[in-house]
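Below is one structure; the comments refer to it alone.
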Number of protein chains: 2
Amino acid sequence: MQETASVQRGAQARVAHQLRARITQGNLMPGAVLSESALAQEFGVSRTPIREALKQLQTEGMVVIKPRVGTFVSAPSRLEINELFEVKEILEGAAARLFAARGNIPELELLRENVRRSDEAVAAGDLDRFVALVHEYHDLIITGAGNSKLTQHYRTLMNQLLYSRFVHMSLRRSGRAPQSDHEHQSILQAIEARDGVTAERLMRDHVRASQQALMDVLNFDGAEHRLSGPTSPAP
Amino acid sequence: MQETASVQRGAQARVAHQLRARITQGNLMPGAVLSESALAQEFGVSRTPIREALKQLQTEGMVVIKPRVGTFVSAPSRLEINELFEVKEILEGAAARLFAARGNIPELELLRENVRRSDEAVAAGDLDRFVALVHEYHDLIITGAGNSKLTQHYRTLMNQLLYSRFVHMSLRRSGRAPQSDHEHQSILQAIEARDGVTAERLMRDHVRASQQALMDVLNFDGAEHRLSGPTSPAP
DNA sequence: TTGACACATCTTGCATGCATCATTAGCCTC
DNA sequence: GAGGCTAATGATGCATGCAAGATGTGTCAA
């Protein structure tokens, strides 16, 4: 379901992949309007593949199609963000538990390496690098659970959360990077000890802490307008 | 994301809803081919809304579209079924825990009523009625968790599992109905006691038991051919 | 000035037609 | 007779055109 190989896969798949990237990377703000004809012109295809791509993104929860009105980038409310984080906590906690139960799998060494590099990045104050490593860390945890369906649902969830954007905001502005890195270490230790119960508990704490940090940042910013900015600049 | 109000919602939504129903209710066997033109003729619309509906079902995981070849009802492998059950266990266990934490919500009385009726149905040997009540029970647990995103992902998961069909097979052929009913009672008691930890554990046990029952039935049947039957009868 | 109403405009929803590619049946060759 | 090749067939992928509905604006009346 996730786009892996994207070479020569038809216009519709290309468009969907591109739009997903733009939304998660923040090039398209929540609330922004996605005009079929404009996208068709931009991508050099007709409206049909654009429509199909938008439909797909809708069922993935990244855009909302108002019939006869238009398509808009999802602007999750505060409540929805909290709900999504609750599900994230559930899935990721379970993934940590499953990972621990699997013992010495290839992902374990990758996770160790990831934590090593994260320590360096934090020590060097390289936040951009740390953000990238955070993504890799959570991805390793999920894939290390060895359940492709869990991975699928998790990826969809992260898209719905627009997580990439949030983790960026949160880590850059809350000063939580060292704490987050430390929590990653603790979870890794529990996994290395094959202590699934502890790994799950620590991971759930970690997710809640990052959620709290994000909420603090959002509240501090006043923020709602920052999440669902106006479609077009004021005249 | 789930079709709730389906009146006058455009051809595409109608078609998607219809096809979902046919697949989950078993009118369309896994592996069956869904021809765009045939469906277009049957529904009295053009291929366009059919295509969009199929695309949507694909991202929901209920059908597989082979480019330039055709669309087929998903035929989950044994491995995929087990993976999906693992996710089911995670989500539903968490839902039971969250439900218990919410205390005296409207769903609790509905759950009590459901268990009462289930007892009656089992006592009367009315399996069809019990199957319907089982669906309602699990739906109440999920909605009672009070997290709409959790509900969304759960519904999608059940569609991917073709759960409706499986629970039917499993309960009808394993003789597990009384045991299942008893487990429902125990979970309810834990929820009533607001013991989230126990509710989660019991629910996870319950899901695993139903998974095991299904696997036994599948193995006993020889079964793979029963899951992904041939597209067309042999000549 | 404010309110409602009608209309122009822009959007998507759907129908239709053509191009492209996978499949398969038949034929030819070995 | 078996295997490979070719062409017909049927499917989907995409382009385009038209229709229906929603939104915003301008006008008119109170």
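Residue numbers begin at 1 in each chain, while the letters A, B, ... track the order of the sequences.
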> Quick one: B:Glu36 CD to D:dG10 P, roughly how many Å, whole number?
Replying inline: 16 Å
>> So B:Ile50, base contact, sugar-phosphate only, or nothing? Heavy-atom distance under 4.0 Å.
In response: nothing
>> In whole Å, I'd like the distance from the CG atom of A:Leu39 to the P atom of D:dC14.
In response: 15 Å
> Within the structure shown, what part of the strands sits under 4.0 Å from A:Ser35 by heavy-atom distance: base, sugar-phosphate, or nothing?
Replying inline: sugar-phosphate
So which protein nitrogen or oxygen atoms get under 3.5 Å of nucleotides 17-26 of chain D's nitrogens or oxygens?
residue : atom : partner : partner atom : Å
D:dA20  : N3   : A:Arg68 : NH1          : 3.1

> Where do B:Gln160 and B:Glu80 land on the side-chain hydrogen bond (donor to acceptor under 3.5 Å, both in side chains) test, with the steps shown first?
Replying inline: CA-CA 10 Å; B:Gln160 292 172 340; B:Glu80 287 178 305; over 6 Å; no
> With sequence neighbours excluded, what pairs up with B:Glu52 under the salt bridge (Lys or Arg N to Asp or Glu O under 4.0 Å) test?
Replying inline: A:Arg51, A:Lys55
Enumerate, atom names and distances included, each donor-acceptor pair closer than 3.5 Å involving a side-chain atom of residues 83-93 of chain A, sequence neighbours excluded.
residue : atom : partner  : partner atom : Å
A:Glu83 : OE1  : B:Ser148 : N            : 3.2
A:Glu83 : OE1  : B:Ser148 : OG           : 2.5
A:Glu83 : OE1  : B:Lys149 : N            : 3.4
A:Glu83 : OE2  : B:Ser148 : N            : 3.3
A:Glu86 : OE1  : B:Asn147 : ND2          : 2.8
A:Lys88 : NZ   : A:Glu92  : OE1          : 2.7
A:Glu89 : OE2  : A:Arg204 : NE           : 3.1
A:Glu89 : OE2  : A:Arg204 : NH2          : 3.0
A:Glu89 : OE2  : A:Arg208 : NH1          : 2.5
A:Glu92 : OE1  : A:Tyr154 : OH           : 3.4
A:Glu92 : OE2  : A:His138 : ND1          : 2.0
A:Glu92 : OE2  : A:Tyr154 : OH           : 3.1

> First and last nucleotide of DNA chain C in contact with chain A, 5' to 3', at under 4.0 Å to a heavy atom: what are they?
Replying inline: C:dT11 to C:dG13
>> B:Ser37: which residues meet the side-chain hydrogen bond (donor to acceptor under 3.5 Å, both in side chains) condition with it, sequence neighbours left out?
In response: B:Ser35
> Quick one: side-chain hydrogen bond (donor to acceptor under 3.5 Å, both in side chains) partners of B:Gln25, sequence neighbours excluded?
Replying inline: none
>> Test: salt bridge (charged side-chain N to carboxylate O under 4.0 Å, His left out). Region: residues 130-141 of chain B. Which pairs qualify, not counting sequence neighbours?
In response: B:Asp139-B:Arg155
> How would you list, by chain and number, every residue that makes a side-chain hydrogen bond (donor to acceptor under 3.5 Å, both in side chains) with B:Asn82, sequence neighbours excluded?
Replying inline: B:Gln211
> More 5' along DNA chain D: B:Leu54 or A:Thr48, using each one's nearest nucleotide?
Replying inline: B:Leu54
>> Taking side-chain hydrogen bond (donor to acceptor under 3.5 Å, both in side chains) as the definition, give me every residue that meets it alongside A:Gln41, ordered by chain and number, with sequence neighbours left out.
In response: none
